[in-house]
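These numbers were taken from a predicted model, which means no experiment stands behind them. Below, all heavy atoms of this structure are taken into account, side chains as well, without hydrogens, waters or symmetry copies. The first residue in the sequence is number 1, and the count goes up from there.
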Amino acid sequence: MLAIKAALEARGEGHRKRVLVPSSAHGTNPATAAAAGFTVDEIPARDDGRVHLDDVKAKLGPDVAAIMITNPNTCGLFEPEIKNIADAIHEAGAYFYCDGANYNAIVGKVRPGDLGVDAMHINLHKTFSTPHGGGGPGAGPTVLSAALAPFAPVPHIVMRGETRELREHMAGTQAFGRMCAFHGQMGMFTRALAYMMSHGSDGLRQVAEDAVLNANYLLARLKPHFNAPFGDRPCMHEVLLDDSSIKPKGVETIDMAKALLDEGYHPFTTYFPLVVHGAMLIEPTETEPKRELDRFADVMIALAERVNAGEVEFFKQAPKLTPMRRLDDTRAARQPKLRWRRGENDAATKVAAE
Ligand SMILES: *Cc1c(COP(=O)(O)O)cnc(C)c1O
C-alpha cells in the first residue's frame, strides 16, 4: 500500500486517498489501508459471496487509489470477474492490491500478474508450509507489478543479466523507504524455499489441486449435515459452513469448535468471514490423505447427530479434556495477563490443583 501511495505521488496524484475493500475482506486489509493513510470505502456483500464488477464500477472516481481483493475470497470462492475488475480499476487510474492469503488454492495454476494484480503479499505460513501462529515469526514477500516495482523499499536484489546486485541505498531510486530489518525472518524464507524446491513447479500445481479436491470432498460429505451457504457450487481450498441449522437447536459455532477440541482436532476458523453469521471455515490443506478427511468428517457428522439428539449440555460443557476449559476470550483480550504466577486464582492453577 505504501508502494501504491508512492506511485500515485510520483505522478502527482497523491490526492487519491480512497481504497475500495469488499465487506468479506479480512480485517488486516482495511487496517493496512488506514495505517498507510488511506480512507476505506466498503463494497457491500451480495448474497452470492462474490465481488461484482458493477458494484466496483459504481464506486470508481478520480479519488480512488486502489482496490484490495482476496482471491480466492474469504467465502472460499474464486472471483470470476477478477480480470474485468482489474481492467476497470486500471482504466480509472487506480491499482489492484491482492490479498494472497488464499494463494494455496491457485499456486502453480494461475499467475497473479495475468489477473492484473499490482501488489500481492504471500503468506508463507498458509501456502508454503512455514509455522503458523504463536505470535510469529511471521514474514513473507510482497510481489509487485512492473508499474509498482520501482517503488519497492530497499534493500532489495536487482538482477543484472545473470548476476544479482544488492541495492542498499535509497539515493537515486524511487523506493518508498527502507525495511529496518531487511525483509524479516531469514529462517522462514529458507523453509518456504526448501518447500518450493522439493515440490518443483509440477508439485506445487498438485498442492493446489489436492488442497481444492480435499476441500470439495469435505464439502460433499458435510453438506447433508450442516448449512453450506455457498454449497450449491464447488469451493476452492476452504469449505464454508455456518451454524444456521444447529443454532435453533441450541448449539452454535463456538460450541462445535470446543467439542472438536475434545475430539483431538484444532478447530476450524470460527466466525470469519464476518459476512456469514456463525461461520465455520474449514481448510483441510493438501497434506491430508482421504483416511484423515474421512475421520474428520465422521467426527463432524457424529457431532451434528448429537445436536439433533438434543444433547445441548454436552456441547456447553466442552471442552472437558483440555488443560484449560472455556476461556473468557473477551476478557483475555481486554485484560491480558502477561506473566503467570504460581498460586494466582487463575483457571490454570485450579486445573493443576485438581
Ligand atoms: C490469514 C489471513 C490474513 C492475515 O494473514 P496473517 O499473515 O496470518 O496475519 C489476511 N487475509 C486473509 C484473507 C487471511 O485469511
Please check if the number of heavy atoms outside Arg295 that lie under 6.0 Å from its CZ is greater than 12. no
Using the rule given for side-chain contact (heavy atoms from CB on, under 4.5 Å), can you reason through Phe296 versus Glu263, listing the C-alpha separation, both sets of side-chain angles and the distance that settles it, and then say yes or no? CA-CA 9 Å; Phe296 176 73; Glu263 300 289 343; over 6 Å; no
Donor-acceptor contact below 3.5 Å, side chain Tyr95 vs main chain Ile67: no
Scan Met280, Lys247, His277 and name whichever one has a side chain to side chain contact (heavy atoms under 4.5 Å, CB included) with Glu252. Lys247
If you look only at pairs with a residue in residues 68-78, which of them pass as a side chain to side chain donor-acceptor pair (under 3.5 Å), with sequence neighbours excluded? Asn73-Glu79
Between Lys316 and Glu313, is the closest basic N to carboxylate O distance under 4.0 Å? no
Sequence neighbours excluded, which residues qualify as side chain to side chain donor-acceptor pair (under 3.5 Å) partners of Asp210? Gln206
Of all heavy-atom pairs linking Ala105 and Ala208, the shortest is O-CB, 3.4 Å
Short side-chain to backbone donor-acceptor contact, Arg167 and His156, under 3.5 Å: no
Pairwise distance CG(Leu261) to OG1(Thr322) - rounded to 0.5 angstrom: 6.0 Å
Please check: side-chain N/O of Arg326 versus main-chain N/O of Gln317, any donor-acceptor pairing under 3.5 Å? no
Write down the atom of Ala36, the atom of Leu2, and the distance for their closest heavy-atom approach. CB-CD2, 4.1 Å
Is a donor on one side and an acceptor on the other found under 3.5 Å between the side chain of Asn216 and the backbone of Val212? yes
Treating Asn214 as the side-chain partner and Pro284 as the backbone partner, does any N or O pair qualify as donor plus acceptor under 3.5 Å? no
Applying side-chain contact (heavy atoms from CB on, under 4.5 Å) to Leu303 and Leu260, what does each step give before you reach the verdict? CA-CA 9 Å; Leu303 290 174; Leu260 274 179; 4.0 Å; yes
Quick one: side chain to side chain contact (heavy atoms under 4.5 Å, CB included) partners of Asp41, sequence neighbours excluded? Arg18, Leu20, Lys59
For the student: nearest non-hydrogen atoms of Phe230 and Asp47, plus distance: CE2-O, 3.1 Å
Does Met159 sit in a hydrophobic cluster with other residues, and if so which ones, taking ILVMFWY side chains as linked at heavy-atom separations under 4.5 Å, directly or through other members? none
Salt bridge (Lys or Arg N to Asp or Glu O under 4.0 Å) pairs, two or more places apart, involving residues 226-243: none
Without swapping roles, check the side chain of Ser198 against the backbone of Tyr195 for a donor-acceptor pair under 3.5 Å. yes
What distance do Ile254 atom CD1 and Asp329 atom CG have between them, rounded to the nearest 0.5 Å? 6.0 Å
Chi angles and distances behind the side chain to side chain donor-acceptor pair (under 3.5 Å) call for Asn227, Ser245: CA-CA 6 Å; Asn227 186 53; Ser245 65; over 6 Å; no
Taking the six-membered ring for Trp, are Tyr97 and His121 parallel (under 30°), tilted (30 to 60°) or perpendicular (over 60°)? tilted
Hey, could you give me the CZ/NE2 distance between Arg221 and His225, rounded to the nearest 0.5 Å? 7.0 Å
Before giving the answer on salt bridge (charged side-chain N to carboxylate O under 4.0 Å, His left out), spell out for Glu209 and Lys109 the whole-Å C-alpha distance, their side-chain angles and the decisive distance to 0.1 Å. CA-CA 9 Å; Glu209 289 173 2; Lys109 306 287 284 185; 2.5 Å; yes
Between Glu81 and Leu53, is there a donor-acceptor pair closer than 3.5 Å when you use the side chain of the first and the backbone of the second? yes
Taking all heavy atoms of Ala45 and all of Ser23, pick out the closest pair and write down the distance. N-OG, 3.0 Å
For Gln335, the side chain to side chain contact (heavy atoms under 4.5 Å, CB included) test, sequence neighbours excluded, returns Arg331
Quick one: CD1 on Ile122 to OG1 on Thr142, what's the gap to the nearest 0.5 Å? 8.0 Å
Answer yes or no: is there a donor N or O on one side and an acceptor on the other, between the side chain of Asp262 and the main chain of Leu321, under 3.5 Å? yes
When you measure from the side chain of Lys258 to the backbone N and O of Phe315, does any donor-acceptor pair fall under 3.5 Å? no
Are any of the side-chain nitrogens in Lys83 or Asp114 under 4.0 Å away from the carboxylate oxygens of its partner? no
Evaluation steps, side-chain contact (heavy atoms from CB on, under 4.5 Å), between Ile43 and Val21: CA-CA 6 Å; Ile43 302 172; Val21 183; over 6 Å; no
I'd like to know if Arg50 and Asp48 make a salt bridge, using a cut-off of under 4.0 Å between side-chain N and carboxylate O. yes
Any donor-acceptor N/O pair, Arg16 side chain to Ala65 backbone, under 3.5 Å: no
Does a side-chain N-to-carboxylate-O contact under 4.0 Å join Glu283 and Lys126? no
Can you tell me if Asp328 has over 12 outside heavy atoms packed within less than 6.0 Å of its CG? yes
Does any part of the side chain of Phe272, heavy atoms only, come nearer than 4.5 Å to the side chain of His26, both counted from C-beta? yes
Checking side-chain contact (heavy atoms from CB on, under 4.5 Å) for the pair Ile85/Val51: CA distance, chi angles, key distance, verdict? CA-CA 9 Å; Ile85 291 172; Val51 180; 4.0 Å; yes
Answer yes or no: does atom CE of Met179 have more than 12 heavy-atom neighbours from other residues, nucleotides or ligands under 6.0 Å? yes
